[in-house]
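Structure, as structure tokens:
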Amino acid sequence: MSFIKFIGTAGARFVVMRQLRASGGAWLSVGKINLYIDPGPGALVRCLHSKPKLDPSTLDGILLTHKHLDHSGDVNVMIEAMTEGGFKKRGILFAPRDALDEDPVVLKYLRDYLEKIEILEENKEYRIGEIPFSTARRHRHRVETYGINFKISPRTVSIITDTRFFPELPELYGGEILIIHVVRLKPVGDDPIDHLSIEDVKTIIRKAKPKLAVLTHFGMTMIKAKPWVVAAELETELGVKVIAASDGLTLNLEEVLK
Ligand SMILES: [Zn+2]
């Protein structure tokens with residue numbers, strides 16, 4: 001079964017710090033390939049406690065969309081788990097250069113445990129086993145940040161990770177399943193908060209026209225508004241299937257759009 005499992009759905013500082021939702025990103029499994037996306041704080045524990053258990057030593061790679069703590073807090077321990085404490089040199093780490101160079105979030109002594117490190121850059125094609133994927137243009141976020149388009153058969157999946165809205169954003173992510181990190185319920189004008197709001201999500205869904213939109217990475221205003229209620233309202237308003245991820249939600253990529 002090919003699936004994406006939302007290990008955690010917390011976004012931004014307060015929801016992560018108080019663990020109102022789990023943090024920890026998502027596990028993508030396609031055929032025999034397992035890729036962990038954005039192992040935030042708690043990723044290791046949540047994997048091991050997940051039902052059925054997800055064993056990090058079966059990972060083939062780890063991808064950081066950017067280095068902020070809610071996306072990278074457990075990257076080091078996940079590298080150690082993937083490589084069985086460094087005894088098995090394996091796995092690929094995909095990360096923007098600034099996650100590795102300047103104020104790095106990946107410890108240097110662990111880097112040798114990896115089979116390879118691939119630097120994420122704008123508009124580039126990558127592959128892990130049978131999963132081809134690409135970046136689009138750099139997001140508007142305070143650190144180097146990239147969303148991802150996975151060319152997965154049977155279902156293409158796009159992830160719009162943290163960013164401030166920009167006009168070209170919707171057309172960059174054409175996946176049938178569109179995962180959107182929506183931290184805020186309402187826009188915050190010119191405040192220096194580089195995150196999407198529900199208003200931005202409406203614009204994105206109208207233009208990108210996914211078959212299914214999945215909201216995740218919720219900040220406090222979204223949690224208070226009950227993400228499942230917001231998703232249901234969006235679905236009615238836009239005529240597109242919209243769901244709100246919950247901690248542990250698994251989307252079976254073969255079944256979800258049948
Ligand atoms: Zn974030």
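Values below: every heavy atom of this structure, side chains too, minus hydrogens, waters and symmetry copies. Atoms within each ligand, like the ligands themselves, are counted from 1 in listed order.
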Per residue D162, nearest N, O or S atom to the Zn ion (ligand 1) is named OD2
Whether H195 and H217 hold their rings parallel, tilted or perpendicular, with breakpoints at 30° and 60°: tilted
If the threshold is 4.0 Å, N to carboxylate O, is there a salt bridge linking E121 and R97? yes
Which angle, to the nearest 10 degrees, do you find at the Zn ion (ligand 1) between NE2 in H71 and OD2 in D70? 100°
Taking only residues two or more places apart in sequence, or in another chain, which ones meet A232 in a side-chain contact (heavy atoms from CB on, under 4.5 Å)? none
N/O/S of H217 less than 2.8 Å from the Zn ion (ligand 1)? yes
Can an N, O or S atom be found in D38 less than 2.8 Å away from the Zn ion (ligand 1)? no
Would you call the rings of F133 and F150 parallel, tilted or perpendicular, taking 30° and 60° as the class edges? tilted
